[in-house]
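Structure first, commentary second.
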Amino acid sequence: FPGVELVLIGSPKLREVYASNPKVRIQPFHYVRRGNLIERFNSWLGLLTVVENEIKEYQSGEVLLFDPDSRLSQLGVLPLIESESYFFFNSRGKDSYPKKISIAELANFWLDTVLGPGQFCYPKVWPIQNHLDNAAIAVDKLHANNYTHVIAINLGVGGNLRKKLEGDFEEQLILELLKQPNTAILLDQGFGDEEQTGTERILSAAKRQGFPTNSCLFSELAYIKDLQGVIGVKCTIGEIASLIAHSDEFIGYDSACQHISAALGRPTYTIFAGSNNVRFIRRWTACGPNVSEIIYVDTLSHTQQYETKDIVERILDRRCQNEGANECLP
């Protein structure tokens, strides 16, 4: 449908990662994720109004609604439009689906069955151009200071603490990465007191080890003259997406950022904890035109113990395998 307008209904944050695509219009809609049953039904009623307003000027058959197994429709249970115009991506449960593919690959498979076979499409995002420009300035400054390799890191877990590794894993990971030749780190400070406190702890550990550190708002990056070492950056989702876009790789827990990184074509390394369901992990592996690696950590089994040093070494080994051993020598 080359002449179609794409209307994406969802969080206003979506604007930050799709704003540069003129064919995509964001229709903001708030969903009470942790609300009770009544609040969720009210969200559906509000969504009905949004959909009705969007389609009122069109004739039957001129609008298609694609539901990506969304909470907004309670996973396809609550109706939104006439059935002839409604396409539901049942991402959780068709026996005919291939079992060993990611959600992005499954979306391609499903769209081929709905619209006919087509070329494989990797996920894509289009961050705000001004954010991309500011990120480019920051990375250029690091390059000017002889940092030839810039890593973007986000250690947020969206409030799901099961995905997070306890102890000093995060500090040790940053310290080992900083020991790599000519390496700088752009560290997202995270959202909420707990994540920001964790970032401060990491920066303090790096400073004690003698590495240059800094902390700033994303909007301040372009004005800091001497960027070095590890920089804690207070970011929105669109701003960290822009930093990832200009970095050489991304490392983080299982979160939106891993998928953004893969969509931007960055080498992506995801620490995946909080689940021992192999199919779930495979489904949510990031998909993009570059390397997307999972470093799995069993945090659920009582008999399974993990060592911080072991996890850090596994991450470093994966990076070395993909970058070439010469680039990983201390």
Side-chain angles (χ1 to χ4, degrees), residues 10-20 26 28 30 125-159 164 170-171 173-175 177-178 182-253 255-261 263-264 266 268:
S11 167
K13 293 180 181 180
L14 292 168
R15 284 180 174 146
E16 296 192 45
V17 289
Y18 290 100
S20 294
I26 305 302
H30 177 68
V125 292
W126 295 267
I128 295 171
Q129 189 59 51
N130 182 53
H131 291 170
L132 288 167
D133 293 341
N134 286 342
I137 291 171
V139 173
D140 286 346
K141 287 181 178 182
L142 289 168
H143 288 161
N145 278 336
N146 295 318
Y147 291 104
T148 57
H149 196 82
V150 179
I151 307 173
I153 295 181
N154 172 283
L155 296 171
V157 290
K164 202 173 187 68
E170 295 172 3
E171 296 102 297
L173 172 63
I174 300 298
L175 292 175
L177 291 170
L178 287 170
N182 309 110
T183 294
I185 293 173
L186 294 166
L187 176 63
D188 187 350
Q189 290 190 24
F191 178 77
D193 292 340
E194 186 167 353
E195 289 184 7
Q196 292 178 30
T197 299
T199 302
E200 292 170 5
R201 188 166 55 246
I202 291 169
L203 293 173
S204 296
K207 190 172 184 179
R208 287 195 301 271
Q209 293 294 318
F211 295 106
T213 65
N214 208 326
S215 181
C216 65
L217 299 172
F218 176 84
S219 59
E220 297 171 338
L221 271 175
Y223 303 100
I224 298 176
K225 292 182 179 180
D226 192 26
L227 289 176
Q228 296 188 59
V230 55
I231 304 100
V233 187
K234 181 65 175 173
C235 298
T236 65
I237 188 67
E239 290 167 347
I240 185 60
S242 298
L243 290 176
I244 293 169
H246 286 283
S247 297
D248 296 294
E249 66 177 276
F250 170 80
I251 299 174
Y253 293 120
S255 70
C257 283
Q258 65 158 327
H259 300 287
I260 289 172
S261 175
L264 288 165
R266 301 295 91 194
T268 301

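- Residues satisfying the side-chain hydrogen bond (donor to acceptor under 3.5 Å, both in side chains) test with S255, not counting sequence neighbours, are none.
- Every residue two or more places apart in sequence or in another chain that forms a side-chain contact (heavy atoms from CB on, under 4.5 Å) with A206 is listed here: L175, L178, F211, T213, V230.
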Could you pull out all donor-acceptor pairs under 3.5 Å where a side-chain atom in residues 129-136 meets a protein atom, sequence neighbours excluded?
| unit_1 | atom_1 | unit_2 | atom_2 | d |
| --- | --- | --- | --- | --- |
| Q129 | NE2 | D133 | OD1 | 3.0 |

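- Side-chain contact check for L203 versus S215: some heavy-atom pair is nearer than 4.5 Å.
- The closest side-chain heavy-atom distance from T183 to Y147 is not below 4.5 Å.
- With contacts defined as side-chain heavy-atom distances shorter than 4.5 Å, the pair I26/P12 does not qualify.
- Contacts of R201 classified as salt bridge (Lys or Arg N to Asp or Glu O under 4.0 Å), with partners at least two apart in sequence or in another chain: E171.
- Side-chain atoms of S11 and H30, non-hydrogen and from C-beta on, never get closer than 4.5 Å to each other.
- Residues passing the side-chain contact (heavy atoms from CB on, under 4.5 Å) test with N182, sequence neighbours excluded: T148.
- The local environment of CD in E220 is crowded, with over 12 non-hydrogen atoms from other residues, nucleotides or ligands closer than 6.0 Å.
- Checked against side-chain hydrogen bond (donor to acceptor under 3.5 Å, both in side chains), Q196 has no partners two or more places apart in sequence or in another chain.
- Residues meeting the salt bridge (Lys or Arg N to Asp or Glu O under 4.0 Å) test with E16, sequence neighbours left out: none.
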Chi angles and distances behind the side chain to side chain contact (heavy atoms under 4.5 Å, CB included) call for I202, E200: CA-CA 5 Å; I202 291 169; E200 292 170 5; over 6 Å; no
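- No donor-acceptor contact under 3.5 angstrom links the side chains of E249 and T268, judged on distance only.
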Trace of the side chain to side chain contact (heavy atoms under 4.5 Å, CB included) decision for N154 with F250: CA-CA 8 Å; N154 172 283; F250 170 80; 3.8 Å; yes
CA sep, side-chain torsions, deciding dist, call: I240, L243, side chain to side chain contact (heavy atoms under 4.5 Å, CB included): CA-CA 5 Å; I240 185 60; L243 290 176; 4.2 Å; yes
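- When the salt bridge (Lys or Arg N to Asp or Glu O under 4.0 Å) test is applied to K164, the partners found at least two apart in sequence or on another chain are E170.
- Take T199 and apply the side-chain hydrogen bond (donor to acceptor under 3.5 Å, both in side chains) test, not counting sequence neighbours, and it matches no residue.
- Applying the side-chain hydrogen bond (donor to acceptor under 3.5 Å, both in side chains) test to N145 and every residue at least two apart in sequence or in another chain returns D226.
- Partners of L173 by side-chain contact (heavy atoms from CB on, under 4.5 Å), not counting sequence neighbours, listed by chain and number: F169, L177, I251, V312, I315.
- At a threshold of 4.5 Å between non-hydrogen side-chain atoms, the residues P127 and E239 do not count as touching.
- Proximity of V150 to H143: side-chain heavy atoms (C-beta onward) are separated by under 4.5 Å at one or more points.
- Taking 4.5 Å as the limit, every side-chain heavy atom of V233 sits out of range of all side-chain heavy atoms of L187.
- Residues satisfying the side-chain contact (heavy atoms from CB on, under 4.5 Å) criterion with S219, sequence neighbours excluded, are L217.
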Derivation and outcome, side chain to side chain contact (heavy atoms under 4.5 Å, CB included), residues D188 and I153: CA-CA 6 Å; D188 187 350; I153 295 181; over 6 Å; no
